[in-house]
Protein chains: 2
Amino acid sequence: MAKADRQRGNSEKRERILQGALRAFAQNGFYNTRVSDVASEAGVADGTIYLYFKNKDDLLISLFEDRMEWIIDRLRDELEAVDGGVLPRLRAFVQLHFHLAVEHRDLAEFITVELRQSAKFVKEYENPKFGAYLEILRSLIERGQREGVLRSDLDSRLVSRAIFGALDEVLLQLALAHKPPADVTDEAHQIAEMLIDGLTPREHHKPTSTE
Amino acid sequence: MAKADRQRGNSEKRERILQGALRAFAQNGFYNTRVSDVASEAGVADGTIYLYFKNKDDLLISLFEDRMEWIIDRLRDELEAVDGGVLPRLRAFVQLHFHLAVEHRDLAEFITVELRQSAKFVKEYENPKFGAYLEILRSLIERGQREGVLRSDLDSRLVSRAIFGALDEVLLQLALAHKPPADVTDEAHQIAEMLIDGLTPREHHKPTSTE
DNA sequence: AACTAATAACTGAATGCTCATTCACTTCGC
DNA sequence: GCGAAGTGAATGAGCATTCAGTTATTAGTT
């Protein structure tokens, strides 16, 4: 059990550091956070961080990877648990997105604020996990299009990006404004209805095929 | 004309610095840009920047104010020139948003990437210009709701944020991907159609009033 | 119009501060 | 008592900001 303990000890400390980094970055942003801030937030010495991460950039990227993976797993699991077709799942997706964020405010602030920056400026980092997130949404939309419950004249990639953007922006407000859960459910509902109405088929969508 | 020349000379240099800052920030982000980078981009000495701006933060904020004001003025002007009701204007708004961004890629990258960061971390800066931008959209939506061409069961503030988010996220991709203008028009069109279909009234929106 | 002086605009090397990162040393687990 | 894990003071690089010195502009005087 020695090995297992070591393992556990190791990754427990790693996790503590990640948690400290999350709190610190969410509060002050990556560039305004000192490595020593993360260290004291995590209750370790400055040097310890370098036993688990190559440098400050690596800490940021690792935090992304780790937390995004967690989010994606939860989303996937909870979506699969939703019975019914594409529309209920889309609604669930929006609700989940918002409620996850409210339950984990630090995480929400971190991701909404740092995602763009980091994607662009942390050299040679492609952010594959964010791609996976979008992919969940995209495949859901494509399925809806194939089944005929969603209009097919829109590009699924484009639409999923637009939806993500809408959610993300509204989220940013929610996270910063400390809104109560009831409001969150309501706002999520409104957004979901708007998006779904925008995506369900209507007569005028195919003016060429008069058949 | 001596006085006028001095004036012109002054603000021309200020503008040169802002332009340099825009290019530099768009390329490398605020935190990865040295003041001396801005200086050389603008063709002035490092010290000169401090004759026009209090410090690096002030330069960032001034750039926001200045460029946002320019954008807002253009949006307002061009929207007023659109005849017809709310729907054509909404469509025009989306097209304008995208085409402005493509014509001014640096500006688009700067705003999409730095807006959130700055809003949150440049102390005591409330970003009133961004509020004015959202307000244009919100008042357009409210008018549509009053006139009955847009559904009234959604909060206009929430919706305008969601729309901004959707546009902004798609824009980010467009700006980074260097897409040709034809694609831009098409993507703008798709987004506009989706949003408008999501916002126009349908029977099921008021299930309580069976009347 | 030429000269002078006063003022404003500009310059960029020097200053000093803020951290990320390292490493000689200590502590822990076995 | 050995190897791994952890520590935190010391190092040094990077960079925002300053300011003594230079150059351009304007106004005043003859």
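In what follows, chains are A, B, ... by sequence order, proteins preceding strands, each numbered from 1. Here the structure is a predicted model, which is why all the values come from computation and not from measurement.
Note that CG of A/L63 and OG of A/S118 are 9.5 Å apart. Values are rounded to the nearest 0.5 Å. Between the CZ atom of B/R16 and the CD1 atom of B/I49 there is a distance of 11.0 Å, given to the nearest 0.5 Å. Rounding to the nearest 0.5 Å places CZ of B/R157 at 7.5 Å from CD of B/E142.
Taking the six-membered ring for Trp, A/F64 and A/F110 have ring centres closer than 6.0 Å. Aromatic pair B/Y133/B/F164: ring centres closer than 6.0 Å.
Per the geometry, CZ belonging to B/R16 stands 12 Å off C1' belonging to C/dC10, to the nearest Å. Atom pair A/D37:CG and C/dC19:C1' shows a separation of 10 Å (rounding to whole Å applied). For the pair B/L51 CG and C/dT11 C1', the computed distance is 9 Å after rounding to whole Å.
Closest contact between the side chain of B/Y52 and the listed nucleotides C/dC10, D/dA5, D/dG8 involves C/dC10.
Contact check, A/K13 against D/dG6: a side-chain N or O comes under 4.0 Å of OP1 or OP2.
The environment of NE2 in B/H99 is crowded: more than 12 heavy-atom neighbours from other residues, nucleotides or ligands sit within 6.0 Å.
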Can you give one letter per nucleotide of nucleotides 13-19 of chain D, 5' to 3': B if a protein heavy atom sits under 4.0 Å from the base, S if only from the sugar-phosphate, - if neither? --SSBB-
